[in-house]
Number of protein chains: 2
Amino acid sequence: MIVPAKNPSETNREYAFRVISENIISLEIEPGSMIGEQEIATILGLSRTPVHEALLELSKSKIVDILPQKGCSVSMIDSDLIREARFLRITVEAALVEDACELATEADLQELEENLQLQEFYLKKDQSKLLTLDNDFHEIIYRICNKMQCHYMVSLMSMHFDRVRNLSLRSVKDLKIVSDHRAIFDAIKAKDPVAARAAFQKHMARFDLDWNIISQEYKQYISDGKN
Amino acid sequence: MIVPAKNPSETNREYAFRVISENIISLEIEPGSMIGEQEIATILGLSRTPVHEALLELSKSKIVDILPQKGCSVSMIDSDLIREARFLRITVEAALVEDACELATEADLQELEENLQLQEFYLKKDQSKLLTLDNDFHEIIYRICNKMQCHYMVSLMSMHFDRVRNLSLRSVKDLKIVSDHRAIFDAIKAKDPVAARAAFQKHMARFDLDWNIISQEYKQYISDGKN
DNA sequence: GTAAAATAACTTGTATGCAAGTTATCTATA
DNA sequence: TATAGATAACTTGCATACAAGTTATTTTAC
């Protein structure tokens with residue numbers, strides 16, 4: 001488990017939530033493995049209380065399963081939950097990119113452009129930074145549309161999806177993510193909602209294709225075996 | 001504060017969450033009022049811990065605001081958050097009713113029909129039961145589409161919306177909710193996704209009209225004053 | 001040696017006490 | 001009386017202890 005330094009401005013609970021989340025998404029903690037509150041508390045130098053509260057929040061999205069009086073396990077990769085997360089993101093964000101065509105200011109467009117520059121820069125240098133930049137890109141769109149509360153909800157569920165996206169970055173060589181983002185950006189800048197929705201849906205459709213590769217290569221992390 | 005009996009199968013935390021939620025949505029606890037953990041814990045006959053955890057979960061949807069070392073307040077009626085909740089519901093459920101046209105089995109249709117019968121029955125008898133039946137109707141659609149996790153996320157945000165819907169039931173006499181639901185049901189039964197989406201959007205559009213009435217009649221509960 | 005029962009070592013749920021910070025009240029001083 | 005400062009009474013965040021339930025181990029009986 002990778003333990004970054006605690007940000008002084010965050011509470012112990014927020015710190016625990018952040019560290020556990022990052023380790024789950026990065027697969028540093030393996031899907032299906034058991035994690036105890038006391039164990040994590042000791043590693044982070046905290047008591048059980050803030051860790052317990054962090055795990056409670058994570059359990060709401062079923063990214064961890066709390067089994068009372070038994071323990072807490074990181075969820076296996078679950079195609080149903082990934083489908084839900086994907087459905088939620090596609091549905092919500094397809095509507096958002098349309099709205100963004102109307103709402104985006106010049107400053108907003110510049111912020112998106114800046115993010116895209118970094119994506120293109122790190123595409124060949126450090127793909128691990130792409131995940132963060134991808135998240136940022138989508139978050140900016142939520143902010144443009146004044147839908148940050150929706151972003152929190154979608155993000156929580158997207159953790160299932162993010163884990164797979166992480167696998168995808170390892171196993172799929174020919175990434176089109178960055179050029180997809182530029183197509184979405186171009187449509188928003190051109191104030192063309194039809195093109196924006198189309199570009200976004202094309203972007204998200206790629207993860208359909210990846211699933212077959214992932215499900216074979218990482219079979220040990222996938223629940224049930226079906227799909 | 002109305003305190004229903006504790007269900008033996010639920011934990012103290014779940015009980016606290018349920019009671020607090022119900023009292024907020026029903027406006028039994030007034031928007032803007034302060035609620036202390038110890039105060040609620042005493043009323044419910046619990047310690048602070050499960051109450052604290054319940055309030056933490058509620059704070060994630062901003063339906064309560066936790067002010068560290070100061071207290072916990074029930075949020076004022078916030079048009080931005082209502083808009084977000086409404087956007088999320090409309091966007092997600094419009095997509096769901098389309099999918100339900102394909103996925104609904106005979107048993108599913110019968111369950112919806114049964115719910116509709118009860119709605120029509122209670123429309124003139126006891127409107128307080130309509131809110132629950134309305135929630136049930138929408139939940140059945142989530143279940144048909146196997147999107148219960150999305151339902152949890154949308155429900156949490158919808159509490160902002162539900163409070164207003166409650167006001168709406170008081171202030172708006174001519175309710176079309178039940179006939180709206182029947183129109184949605186008919187479209188799903190006819191496996192007509194275009195009609196289903198249209199009927200659903202017509203349904204949700206009513207709350208636009210209600211807002212003006214609500215914002216004037218219940219001014220003291222509304223944050224800021226703008227909109 | 002095997003199986004069943006007792007027990008010890010775990011887990012999370014909850015209660016309680018203290019720490020740290022905010023707010024209201026009371027007191028002192030001009 | 002008005003104002004500033006000290007203080008007492010609150011609040012939530014967190015640590016710790018215990019309760020209740022599960023699992024692994026050990027012991028005992030055959």
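Naming: A, B, ... by sequence-line order, numbering from 1 per chain. Computed over heavy atoms, backbone and side chain alike; hydrogens, waters and symmetry mates excluded. Quick caveat: nothing in here was measured; it's all calculated off a predicted structure.
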Quick check on contacts: within residues 1-9 of chain B, what sits under 4.0 Å from DNA chain D by heavy-atom distance?
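Those residues whose heavy atoms fall under 4.0 Å from DNA chain D, taken from residues 1-9 of chain B, amount to none.
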Exactly one candidate in B:L88, B:V154, B:L81, B:I82 meets side-chain contact (heavy atoms from CB on, under 4.5 Å) with B:F161; the answer is B:I82
Is there a side-chain contact (heavy atoms from CB on, under 4.5 Å) between A:M153 and A:V92 once you walk through the steps?
CA-CA 11 Å; A:M153 297 295 172; A:V92 168; over 6 Å; no
What are the atom names and distances for every N/O pair under 3.5 Å that joins the protein to nucleotides 12-14 of chain D?
| residue | atom | partner | partner atom | Å |
| --- | --- | --- | --- | --- |
| D:dT12 | OP1 | B:E37 | N | 3.3 |
| D:dT12 | OP2 | B:E37 | N | 3.4 |
| D:dT12 | O4' | B:Q69 | N | 3.2 |
| D:dT12 | O2 | B:Q69 | NE2 | 2.8 |
| D:dG13 | OP1 | A:R13 | NH2 | 3.4 |
| D:dG13 | OP2 | B:H52 | ND1 | 3.3 |
| D:dG13 | OP2 | B:H52 | NE2 | 3.4 |
| D:dG13 | N7 | B:R48 | NH2 | 3.2 |
| D:dG13 | O6 | B:R48 | NH1 | 3.1 |
| D:dC14 | OP1 | A:N12 | N | 2.6 |

If you look only at pairs with a residue in residues 142-161 of chain B, which of them pass as a salt bridge (charged side-chain N to carboxylate O under 4.0 Å, His left out), with sequence neighbours excluded?
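Those involving residues 142-161 of chain B are B:D108-B:R143, B:E111-B:R143.
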Where is the tightest heavy-atom contact between B:F200 and B:A94, given as atom of each residue plus distance?
CE2-N, 3.6 Å
Could you tell me whether the side chain of [Y] reaches within less than 4.5 Å of the side chain of [X], counting heavy atoms only?
X	Y	answer
B:K62	B:H160	yes
B:L118	B:D136	no
A:V74	A:E30	no

Identify the 5'-most and 3'-most nucleotides of DNA chain C with at least one atom closer than 4.0 Å to a non-hydrogen atom of chain B.
C:dG13 to C:dT23
Using the ring-ring contact (aromatic ring centres under 6.0 Å, His included) rule, collect all pairs that involve residues 132-151 of chain A, keeping only residues at least two apart or in two chains.
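For residues 132-151 of chain A: A:F137-A:H181, A:H138-A:H181, A:H138-A:H203, A:Y142-A:H151.
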Is a donor from one side chain sitting under 3.5 angstrom from an acceptor on the other, for B:E53 and A:H52?
yes
By side chain to side chain donor-acceptor pair (under 3.5 Å) - contacts of B:K6 (at least two apart):
none
